[in-house]
Amino acid sequence: MAQVEQLLKYQDEDAKLNKIEKEAATSEEWKNYSQAKSFLTKAPEKLDAMDAKAVEMNAALEKLNEKYEEIAETLKDYENLDELVNDGADISFYKKNATQLTEKLKAIKSEINALSKSVKEADEEFKALKKKTIAMQEKYKEYSAVYQEYKKGKIAEMDAVKAELEKLSKGIDKEVLARYKTKRSERIFPILCAVRNDRCSQCGMELSIVGKEKIAGGNVTECDNCHRFLYKE
């Protein structure tokens with residue numbers, strides 16, 4: 001039972017460290033700092049992607065304008081249909097072609113208008129993101145300074161608890177402590193729990209026959225469900 005008592009003392013002290021860690025991870029200082037850092041990390045990639053898209057859209061717009069001019073130039077050949085009539089030509093073929101070209105011209109103009117609108121929106125979005133990035137760079141400096149100051153205080157608290165944990169670890173079997181730390185890294189807490197009515201007091205799972213035998217012998221066993229260390233009070 002000496003090992004269990006020492007582990008419980010260790011866990012009680014570790015609970016203080018766990019609390020400090022949670023406070024640090026959910027603090028406004030950390031949230032502001034991490035969100036600003038995340039934004040600035042992703043911003044260059046987003047700006048590059050938007051810039052590449054703008055280049056692509058402008059190239060497509062240029063091609064559409066060229067095509068529009070080409071068809072408009074071709075339509076000029078049909079401006080003198082009256083002269084063809086006077087010459088006795090059958091102009092039904094020419095009229096059909098002229099109509100088709102006019103419809104194409106309208107469709108391309110519609111595409112140009114839609115694409116021009118998209119280019120404008122993309123340009124505005126790019127400028128807005130760039131402006132936000134510049135503003136966030138200033139905010140990041142501010143948040144970083146505040147967080148670093150906050151972090152110093154938390155590190156001092158953590159170091160004090162860690163020093164106490166180091167003292168308590170002297171009376172715990174190295175293998176047991178290693179397993180404890182492994183479970184701790186898996187965000188399992190508390191790690192050492194009492195058995196009540198042959199069940200894990202944390203998840204309620206009933207002990208196996210082997211587990212019950214270990215507990216009865218005064219040893220620590222492991223819950224088959226939540227994998228915490230279990231002991232008999």
Side-chain angles (χ1 to χ4, degrees), residues 1-50 128-196 199-205 220-233:
M1 288 298 289
Q3 274 288 294
V4 172
E5 287 171 8
Q6 192 68 8
L7 262 175
L8 283 170
K9 286 179 184 177
Y10 186 93
Q11 182 169 263
D12 285 344
E13 194 64 28
D14 197 16
K16 296 176 187 176
L17 182 61
N18 189 51
K19 185 184 176 184
I20 297 168
E21 288 171 346
K22 282 183 177 178
E23 285 172 356
T26 56
S27 68
E28 282 301 311
E29 291 85 351
W30 165 249
K31 282 180 185 176
N32 290 335
Y33 168 75
S34 62
Q35 285 171 4
K37 186 178 180 182
S38 176
F39 177 87
L40 290 174
T41 301
K42 294 172 184 175
E45 189 179 338
K46 283 184 180 178
L47 286 167
D48 287 345
M50 289 168 74
L129 180 59
K130 197 169 184 180
K131 188 178 178 182
K132 190 177 179 181
T133 301
I134 293 167
M136 189 58 79
Q137 285 171 341
E138 289 303 311
K139 280 287 183 186
Y140 176 74
K141 290 176 187 176
E142 178 191 329
Y143 291 151
S144 181
V146 171
Y147 174 66
Q148 293 306 324
E149 196 60 36
Y150 170 81
K151 191 178 174 184
K152 282 179 188 175
K154 287 297 173 186
I155 287 173
E157 286 182 57
M158 288 181 188
D159 285 346
V161 175
K162 285 176 182 177
E164 193 59 35
L165 285 171
E166 184 62 30
K167 291 177 188 175
L168 291 169
S169 68
K170 308 289 184 190
I172 301 171
D173 180 80
K174 287 183 180 179
E175 188 181 335
V176 172
L177 186 60
R179 286 172 66 197
Y180 177 99
K181 287 181 178 179
T182 298
K183 293 179 188 298
R184 175 76 153 78
S185 68
E186 293 167 357
R187 300 184 187 277
I188 295 173
F189 205 88
I191 295 158
L192 187 64
C193 307
V195 169
R196 296 197 180 106
R199 290 182 179 275
C200 171
S201 58
Q202 281 294 313
C203 71
M205 172 68 84
V220 171
T221 188
E222 191 173 305
C223 177
D224 292 331
N225 182 50
C226 66
H227 306 293
R228 288 177 166 84
F229 287 145
L230 300 176
Y231 70 98
K232 187 177 181 180
E233 288 181 306

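By the salt bridge (charged side-chain N to carboxylate O under 4.0 Å, His left out) test, E138 pairs with K141, sequence neighbours left out. Under the rule for a side-chain contact (heavy atoms from CB on, under 4.5 Å), the partners of D224 that lie at least two apart in sequence or sit in another chain are S208. For F229, there are no ring pair (Phe, Tyr, Trp, His ring centres under 6.0 Å) partners, not counting sequence neighbours. When the side chain to side chain donor-acceptor pair (under 3.5 Å) test is applied to R179, the partners found at least two apart in sequence or on another chain are E222. For the side-chain contact (heavy atoms from CB on, under 4.5 Å) test, residues two or more places apart in sequence or in another chain that qualify with K22 are N18. Judged as a side chain to side chain donor-acceptor pair (under 3.5 Å), and not counting sequence neighbours, the contacts of K16 are E13. Contacts of E21 classified as side chain to side chain donor-acceptor pair (under 3.5 Å), with partners at least two apart in sequence or in another chain: R184.
Once rounded to the nearest 0.5 Å, the distance linking CG of L192 with NZ of K9 reads 13.5 Å. Considering OG1 of T182 and NE2 of H227, their distance stands at 13.0 Å, rounded to 0.5 Å.
Nearest approach of C200 to C203, heavy atoms of both residues: SG-N, 3.5 Å. G204 approaches R199 most closely through the heavy-atom pair O-NH1, 2.9 Å.
The residue from L8, L7, T221 that alone fulfils the side-chain contact (heavy atoms from CB on, under 4.5 Å) condition with Y231 is L8.
Applying the ring-ring contact (aromatic ring centres under 6.0 Å, His included) test to pairs two or more places apart or on separate chains, those with a residue in residues 151-192 are Y10-Y180. Applying the side-chain hydrogen bond (donor to acceptor under 3.5 Å, both in side chains) test to pairs two or more places apart or on separate chains, none has a residue in residues 165-175. Applying the side-chain hydrogen bond (donor to acceptor under 3.5 Å, both in side chains) test to every pair with at least one member in residues 142-157, sequence neighbours left out, gives these pairs: E23-K154.
Checked by atom type and distance alone, the side chain of S201 never pairs as donor or acceptor with a backbone atom of R196 at under 3.5 Å. Within the 3.5 Å criterion, the main-chain N or O of I191 finds a donor-acceptor partner in the side chain of Q11. A donor-acceptor pair under 3.5 Å is absent between the side-chain atoms of R228 and the main chain of C223, judged by distance alone.
Using a 4.5 Å cut-off on side-chain heavy atoms (C-beta onward), V146 and N32 make no contact. No side-chain heavy atom of M205 sits under 4.5 Å from any side-chain heavy atom of C226.
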Donor-acceptor pairs are to be reported for all side-chain atoms of residues 34-49 against protein atoms at under 3.5 Å, with residues two or more places apart or in another chain.
{"unit_1": "S34", "atom_1": "OG", "unit_2": "W30", "atom_2": "O", "d": "2.9"}
{"unit_1": "S34", "atom_1": "OG", "unit_2": "K31", "atom_2": "O", "d": "3.2"}
{"unit_1": "T41", "atom_1": "OG1", "unit_2": "K37", "atom_2": "O", "d": "2.7"}

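For K139, the NZ atom sits in a loose shell: 12 or fewer heavy atoms of surrounding residues, nucleotides or ligands are nearer than 6.0 Å.
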